[in-house]
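Single-structure report; data block below.
Treat the numbers as computed from the prediction; the structure is a model and nothing was measured. Atoms within each ligand, like the ligands themselves, are counted from 1 in listed order.
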Amino acid sequence: MIENSAIKFLDLKAINQGFEPELTETLLEISQSGQFVNGEISEKFEKNFAHYIGTEHCISLGNGTNALELILKAYLVMGILEKKDEILVPANTFFATFLAISNQGLVPVPVEPDPTTFNICASSLEQKITEKSRALLLVHLFGRNALSEEIKQLLEKNNLKLIEDNAQAVGSIYNGNRTGALGHSAAHSFYPTKNLGALGDAGAVTTNDLELAATIRALGNYGGKEKYVFEYLGTHSKMDEIQAGVLNIKLPYLDKSNRFRNEIAGTYLHEIDSIHLTLPKAPEQNQPLSHTWHLFTLLVPKRENLIRHLSKMGIETAIHYPIPPHLQPVYRQTDFGELPITERIHQETLSIPLNPILKKTEIKYIIEAINNWDGK
Ligand SMILES: Cc1ncc(COP(=O)(O)O)c(C=O)c1O
């Protein structure tokens, strides 16, 4: 029994404490340097992160939503996409993935997931491809790589661009390559709760496409490649020196922390044996780091009962996400077709604590609390 101490879903204060005193020293140095944007520290982060992901280019930006939007906007100004083109997207994702597509005048075409992985289902994807489809915006949801040979073949056969939404999966590896380097371009988020989290908002694009990289850099700089000369109606989005400094400190520890997440997930998968819920599928044995377990998510038909039971035992849980993008009020006039698998997932999904500062005793306590639940 854990006495008097609640298990938080995610304790960012305690997680960041692990990076002291380096974090505070860096913050102080930057605050005294006078250089807050467009400096050497964000340049260094771009080099570090491109090297880590395994791409030639990294453009650091203000957040992950901007990263998604600027990839799509760049393809539009480059003439690779046209307004009203269809972008295939998993129906089961965070709203920002849809938002980025709609905001660029493109059409999100939602595809049902495989409920055992929560990621896009290849056979459902094939059914949604039309002559207007131009790209797949592939989300590696909860940290799990979503690419497969089947999906690769569909993309090649139908000449579709592969854009990755790697917001939740930084560090995942598929066939020896990192997610974020598997397609033509990728968006990353360093929102504070992410496996690689800043102390505020931050994001990036990675790509091997030099023209795309230069266009995104210009679009994020109001639309100009040169100072005070604007070729496009861009926007203003950049990662500041403080966030870049924080991420430079944290990046070298990311793989170790993702391996620890995998150990916790392995224990959960092995030891949670309640008949009242369904566990997520284990990663393929030959792809051990294809999942970075940003979130460990169960399917529980009697979700409210389990939330109440765990809460009484001092264990915080979270729902990712309560309403799927296609049912959001903003899309009330849009007919996305039937998406029953996505809707069931959103009714039953429940995330339990999984983070790099969970103690062995806490993991054991969580497992026992779930296994002792009688479903009521
Ligand atoms: C799948 C996914 N895509 C995009 C985003 C957007 O990233 P940001 O919050 O940095 O704008 C998030 C953030 O939570 C996300 O989870």
Between ligand 1 and Asp165, can you find any atom pair, the residue atom being a heavy atom, that is separated by under 4.0 Å? yes
Are Lys250 and Asn16 close enough that a side-chain donor and a side-chain acceptor fall under 3.5 Å? yes
Looking only at non-hydrogen atoms, the one of Pro192, Ala167, Ala67 nearest atom 15 (C) of ligand 1 is Ala167
Using the test side chain to side chain donor-acceptor pair (under 3.5 Å), find all partners of His140 that sit at least two apart in sequence or belong to another chain. Glu164
Under 3.5 Å, is there a donor on one side chain and an acceptor on the other for Arg308 and Asn305? yes
Identify, for atom 14 (O) of ligand 1, the protein heavy atom at the shortest distance, and state residue, atom and that distance. Lys194 NZ, 2.6 Å
Check ligand 1 against Thr65 and write out every atom of the ligand that is under 4.0 Å from a heavy-atom position of the residue. 6 (C), 7 (O), 8 (P), 11 (O)
Regarding ligand 1, does Gly64 bring an N or O atom to under 3.5 Å of one of the ligand's N or O atoms? yes
Ring-plane angle category for Tyr331 and Phe336, please: parallel below 30°, perpendicular beyond 60°, tilted otherwise. perpendicular
Distance alone, cut at 3.5 Å: any donor-acceptor contact between the side chains of Thr179 and Asn166? yes
For Phe118, is the NZ or CZ atom of Arg144 found under 6.0 angstrom from the centre of its six-membered ring and inside 45 degrees of the ring axis? no
For Ala96, the ligand 1 atoms with a heavy-atom partner under 4.0 Å come out as 4 (C), 5 (C), 6 (C)
List every atom of ligand 1 that sits less than 4.0 Å from any heavy atom of Thr97, numbering the atoms from 1 in the order shown and giving each element. 3 (N)
The protein heavy atom nearest to atom 16 (O) of ligand 1 is Gln168 NE2, 2.9 Å
